[in-house]
Amino acid sequence: MDKTYQHNNTERKILNFWLENHIYHSNVNSDKKTFSMVIPPPNVTGSLHLGHALDDTLQDIICRYKRLMGYEVLWLPGTDHAGIATQNVVEKMLQKEGITRHQLGRDKFIEKVWEWKEQYGQKIINQLKSLGASCDWDRERFTMDEVLSRAVKKAFVTLYNMGLIYKGKRIINWCPRCSTALADLEVEHEEREDKLYFVKYKFLENPDHFITIATTRPETIFADTAVAVNPKDKRYSSVIGKKVIVPMTQRTVEIISDERVETDFGTGALKITPGHDPIDFEIGKDHNLEILIAIDLDGKMTELAGELKGLDRDVARRKSIEILEESGALEKVEDLHHAVGHCYRCKTVVEPYISEQWFVKSAPLAKKAIEAVKNDTIQFFPERWEKVYFDWLENIKDWCISRQIWWGHRIPAWYCNNCNEIIVSENEPKSCPKCNSTDLKQDEDVLDTWFSSSLWPFSTMGWPEDTEELKRFFPTSVLVTGFDIIYFWVARMIMMSLALTGKEPFKNVIIHGLIRDSQGRKMSKSIGNVIDPMEIIEESGADALRFSLASLSNPSGQDIKMSKEKVKGARNFANKLWNTARFVLNYKENFVSYDITKEEITNMEPEDIWILSRSNEVKYYLCKKLDEYNFSAASTEVYNFIWDEFCDWYIELTKFRIKNHFKEELAFKILFFTFKQSLLMLHPFMPFITEDLYRRLPDNKESITFETLKEFNLPLNLEKLENMSTLIEATKSTRKLRSEYKIAPNIITEPILVMSDDIKNNFNTEIEKYCFLTRSKNPQIVNEMPTNLRGFALERGNLITVLIYLEKDELEKSREIIEKNIQKLLKELEISKQRLMDPNFLNGAPKEVIELEKEKLEIQKKSVEILERKLSFLK
Ligand SMILES: [Zn+2]
Ligand SMILES: [Zn+2]
């Protein structure tokens with residue numbers, strides 16, 4: 001074994017071992033209990049960030065824990081084709097060669113994307129592997145795989161036949177940069193400073209009079225088809241039904257009344273542009289208004305804009321303002337702070353646009369999805385996220401699923417060029433069922449990426465085929481994800497799964513917090529506080545990264561404050577474990593077996609009983625906390641057990657047993673047993689180092705994965721447990737004195753231990769161990785505090801008081817220090833006393849402050865007492 005722990009070597013070696021031996025391949029035929037999970041598929045364009053690292057670490061902890069509890073675990077991995085994101089990446093790459101996708105054509109372009117995927121698409125998968133994700137890599141999936149594509153077609157056709165998918169003319173969010181429709185969820189709203197333009201519309205019958213409307217988008221005036229006011233607005237009741245002339249055009253439109261007009265925005269009169277605003281679209285529909293289009297799909301002005309035709313919409317806005325100003329139609333301009341929608345992919349301002357799109361009728365699906373959570377078929381952890389989920393589903397709008405890009409699942413709909421029939425089918429139809437024409441054309445659009453991800457829990461297992469995987473592992477047990485995709489993904493998976501398979505996709509949904517920096521700020525490139533998980537893995541190891549993420553992951557799902565220092569702490573823990581292993585494995589030749597006989601159990605020393613019962617308790621607690629998804633409590637408990645109890649106490653006492661050849665064989669058995677148990681309990685959090693050390697143990701299996709975490713069957717022996725706590729307390733007090741009075745390690749002290757008779761009688765058997773642990777000899781054990789002692793330092797515990805004789809020079813130094821402390825405390829005490837007698841303070845200060853001052857005085861008095869008592873011995 002290396003003298004110091006080399007995480008890079010170990011992690012590389014162990015990862016290869018896992019992969020080469022397909023350790024995490026799950027068996028559909030095993031007779032174990034079943035546990036399954038699907039990974040939230042990262043984008044194929046992605047690289048691992050801390051958010052993934054957290055998400056996947058938590059999932060991996062659960063999987064490894066379940067394996068150790070005897071479950072057959074499937075953790076199914078894969079990636080998402082990420083429609084727009086991937087298309088953008090490949091387009092940018094082609095751009096460098098001076099080629100556009102249109103020049104290449106659809107088929108050639110898609111070939112390029114696949115080439116790109118073959119070359120770069122495995123990056124994030126490899127990163128997940130180095131994080132230690134124990135996925136079944138033989139079952140890796142990709143949303144564009146043949147099997148998954150088949151599921152997408154099947155889902156589309158099924159929902160269409162159920163009347164839950166339809167094609168309709170709607171106003172949708174359009175990204176002119178990406179040239180595609182976006183779902184409402186894909187639009188990011190950003191607050192910004194803007195201008196509100198007040199524009200005069202002249203009355204047709206009386207051009208000297210006008211009505212003023214307010215708009216942020218004067219370039220859309222060209223497409224106005226009405227002016228609307230609220231019927232309750234008294235200011236305008238006389239003008240309803242009158243005609244006005246649309247500025248910059250020769251057209252006239254009517255003033256209509258509609259309750260949706262807000263009376264307190266602008267002037268209370270609204271221009272109605274159904275082609276370019278979702279609310280106007282709704283108003284226009286109810287008033288049968290014409291729909292005009294002034295801005296085309298590329299964000300350029302149409303013929304409707306007259307001389308502005310062909311201009312970009314931003315340029316057209318500036319020109320429109322100029323024209324309005326010159327013609328005297330611009331009344332005034334005000335500042336306006338409002339939210340503007342941007343494309344979530346490229347940040348371009350989205351344009352509301354009317355087009356024919358495919359939609360999923362969401363309300364009926366949502367109803368079932370709400371029920372499934374209301375009746376606890378699906379449970380959220382923490383529970384508060386259920387409200388977020390209900391709020392969204394109760395107000396759900398139809399989901400626009402068509403995208404005008406090339407990379408994705410092409411919509412399985414064909415149009416008959418002869419009779420316009422729409423044919424929705426899983427397979428390409430040969431002829432039109434209505435007119436028999438063979439002149440058919442497939443829909444050009446592809447499906448929203450989230451459509452295929454919403455099928456992920458069952459499409460990855462081979463649905464709609466009734467596969468072995470589906471039978472054994474579906475519905476899955478748990479889903480772990482961030483709250484930011486509850487709408488995008490979690491809710492939609494539930495809707496789709498219930499509609500298509502009749503089953504819930506998973507039983508528990510664990511929502512974790514976001515990762516922030518140590519000061520609680522979002523990690524961002526502009527602040528420069530981004531921590532790259534791959535860098536941490538290189539520097540400190542995946543185990544250290546995982547352990548720190550787990551220990552920070554609170555059960556309330558609050559945001560996680562991450563820093564490199566946290567990782568260093570976990571890295572030190574790995575070192576400690578390595579050094580412990582070197583000690584333990586040094587005695588490999590003394591190892592006989594893990595089996596402890598009944599006779600040995602009756603002969604156990606207090607430390608044996610104590611460490612075994614502690615290990616049982618920790619195992620119980622670990623399971624309880626992991627079942628509650630409380631990763632921080634679970635990991636902290638294991639850490640404290642290994643570091644404090646096993647390393648600092650049991651191992652130290654083992655050294656005593658070895659030195660004195662005292663019940664040595666039993667000590668070795670328990671040493672190896674507890675060490676193995678420690679490795680198992682730590683394994684979910686730090687899989688690499690625990691696997692490496694496990695494989696060095698005697699009598700091991702091929703991998704720690706195949707072990708089961710059990711409790712040691714142990715009779716309760718309170719007397720021996722009490723002895724152990726007495727030994728711990730006596731040792732701690734003595735060590736505290738030695739360090740407080742700076743007694744050099746080579747000095748052997750002769751302490752006096754004061755304890756009651758009942759403790760004393762039992763403790764007699766532990767005296768030698770006490771001496772070994774504290775570098776003491778001939779301790780006097782008495783049951784009353786001795787009087788007239790001089791030159792002794794004292795430490796008072798709960799059950800035991802320890803006194804140690806000090807040498808002359810130590811004595812003087814200590815006395816000086818304590819006297820100084822007493823003087824200082826007395827001064828402070830005097831100030832407190834004065835304050836509490838001062839009527840100004842007593843009458844003026846708040847009650848709590850006075851209470852605090854009184855408490856302070858009491859504490860100071862006690863401290864002085866303790867110090868004076870200590871001083872009384874140091875004479
Ligand atoms: Zn865009
Ligand atoms: Zn036809």
Side-chain angles (χ1 to χ4, degrees), residues 579-580 583 586-587 605-608 610-611 643-664 667 671 722-757 759-818 866-867 869-875:
N579 293 336
T580 305
F583 172 81
N586 202 19
Y587 295 101
E605 283 298 291
E607 66 270 20
D608 297 336
W610 172 75
I611 197 71
W643 191 299
D644 299 338
E645 298 179 316
F646 181 59
C647 296
D648 286 358
W649 291 101
Y650 194 76
I651 292 206
E652 287 309 300
L653 285 164
T654 311
K655 288 177 185 164
F656 168 82
R657 304 260 288 265
I658 295 169
K659 195 181 159 208
N660 296 296
H661 302 292
F662 174 60
K663 296 186 188 172
E664 211 179 348
L671 179 72
E722 249 167 49
N723 263 3
M724 184 63 192
S725 30
T726 313
L727 176 62
I728 290 176
E729 190 179 329
T731 305
K732 275 187 176 166
S733 296
T734 312
R735 285 179 178 166
K736 196 174 166 205
L737 281 181
R738 291 190 66 116
S739 89
E740 209 173 294
Y741 292 94
K742 305 209 165 43
I743 298 171
N746 59 346
I747 291 176
I748 309 255
T749 52
E750 294 187 26
I752 302 173
L753 303 182
V754 190
M755 53 177 86
S756 62
D757 272 337
I759 306 177
K760 194 176 133 187
N761 294 339
N762 286 329
F763 190 66
N764 274 329
T765 56
E766 310 309 314
I767 289 172
E768 272 186 65
K769 290 175 200 161
Y770 164 78
C771 291
F772 175 81
L773 292 172
T774 57
R775 305 192 66 80
S776 310
K777 65 173 184 190
N778 309 326
Q780 286 181 54
I781 304 196
V782 295
N783 55 9
E784 245 174 66
M785 196 68 180
T787 45
N788 297 326
L789 280 178
R790 290 292 170 261
F792 278 84
L794 158 145
E795 176 64 28
R796 178 160 251 179
N798 286 322
L799 304 163
I800 300 154
T801 303
V802 181
L803 295 117
I804 289 182
Y805 176 74
L806 296 179
E807 295 295 335
K808 208 171 172 216
D809 51 335
E810 291 163 358
L811 195 73
E812 264 157 32
K813 257 188 262 160
S814 302
R815 204 159 45 209
E816 262 173 47
I817 293 170
I818 292 179
I866 291 170
L867 289 177
R869 193 182 165 79
K870 283 195 167 177
L871 196 62
S872 72
F873 286 93
L874 301 175
K875 279 177 185 161

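Just so it is clear, the values below take in all heavy atoms, side chains as well, and ignore hydrogens, waters and symmetry mates.
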Q: How close do V802 and S733 get, counting heavy atoms only, and between which atoms?
A: CG2-CB, 3.6 Å
Q: Is the distance between the ring centroids of F656 and F772 under 6.0 Å?
A: yes
Q: Evaluate the criterion salt bridge (charged side-chain N to carboxylate O under 4.0 Å, His left out) for residue pair E605 and R657; output intermediate values, then yes/no.
A: CA-CA 10 Å; E605 283 298 291; R657 304 260 288 265; 5.4 Å; no
Q: Is T801 close to L753 at the side-chain level, that is, under 4.5 Å between some pair of heavy atoms?
A: no
Q: Do P751 and T774 have side-chain heavy atoms sitting under 4.5 Å apart?
A: no
Q: Please examine the side chains of V754 and L803, heavy atoms only from C-beta on, and report whether any two atoms are closer than 4.5 Å.
A: yes
Q: Does the side chain of P606 come within less than 4.5 Å of E766's, by heavy atoms?
A: yes
Q: For the atom pair CD1 (I804) and CD (E750), what is the distance rounded to the nearest 0.5 Å?
A: 11.0 Å
Q: Taking all non-hydrogen atoms of both residues into account, name the closest pair between M755 and F763 and its distance.
A: CE-CD2, 3.6 Å
Q: At what distance, to the nearest 0.5 angstrom, does CD1 of I781 lie from NZ of K760?
A: 8.0 Å
Q: Can you find a pair of side-chain heavy atoms, one from L773 and one from E652, that are under 4.5 Å apart?
A: yes
Q: Quick check for you: to the nearest 0.5 Å, what is the distance between L811 atom CG and L806 atom CG?
A: 5.5 Å
Q: Do we get K655 above F583's six-membered ring, with its NZ or CZ under 6.0 Å from the centre and within 45° of the axis?
A: yes
Q: Would you sort out whether I743 and T749 count as a side-chain contact (heavy atoms from CB on, under 4.5 Å), showing the intermediate values?
A: CA-CA 9 Å; I743 298 171; T749 52; 4.2 Å; yes
Q: Supply the atom-to-atom distance I651 CD1 to N579 CG, rounded to the nearest 0.5 angstrom.
A: 10.0 Å
Q: Backbone N or O of A744 within a donor-acceptor pair of the R738 side chain at under 3.5 Å?
A: yes
Q: Would you verify whether the NZ or CZ of R735 falls within 45 degrees of the ring axis of W649 while also being under 6.0 Å from that six-membered ring's centre?
A: yes
Q: Above 12 or not: heavy atoms from other molecules or residues under 6.0 Å from CD of E812?
A: yes
Q: Count the heavy atoms belonging to other residues, nucleotides or ligands that lie under 6.0 Å from NZ of K732, then report whether that count exceeds 12.
A: no
Q: Which value, rounded to the nearest 0.5 Å, describes the distance between K742 atom NZ and L737 atom CG?
A: 12.5 Å
Q: State, yes or no, whether a side-chain contact exists between S756 and N783 at a heavy-atom distance under 4.5 Å.
A: no
Q: Would you say that T654 contacts Y587 through its side chain, given a criterion of any heavy-atom pair below 4.5 Å between the two side chains?
A: no
Q: Between R815 and L871, is there a donor-acceptor pair closer than 3.5 Å when you use the side chain of the first and the backbone of the second?
A: no
Q: Regarding E768 and K777, does a basic nitrogen lie under 4.0 Å from an acidic carboxylate oxygen?
A: no
Q: Testing the basics here: between E729 and I800, what is the closest heavy-atom pair and its distance to 0.1 Å?
A: OE2-N, 3.3 Å
Q: Looking at side-chain heavy atoms only, is the closest gap between L653 and L727 below 4.5 Å?
A: yes
Q: Taking all atoms of both residues into account, what is the closest heavy-atom pair of D648 and D644, and its distance?
A: CB-O, 3.0 Å
Q: Name the residue from T765, I728, I759 that meets the side chain to side chain contact (heavy atoms under 4.5 Å, CB included) definition with N723.
A: T765
Q: Supply the atom-to-atom distance L794 CG to E740 CD, rounded to the nearest 0.5 angstrom.
A: 10.0 Å
Q: Testing the basics here: between S776 and I748, what is the closest heavy-atom pair and its distance to 0.1 Å?
A: C-CG2, 3.7 Å
Q: Hey, are Y770 and T734 close enough side-chain-wise for a donor-acceptor pair under 3.5 Å?
A: yes
Q: Per the ring pair (Phe, Tyr, Trp, His ring centres under 6.0 Å) rule, which among Y741, F873, F792 passes with Y805?
A: F792
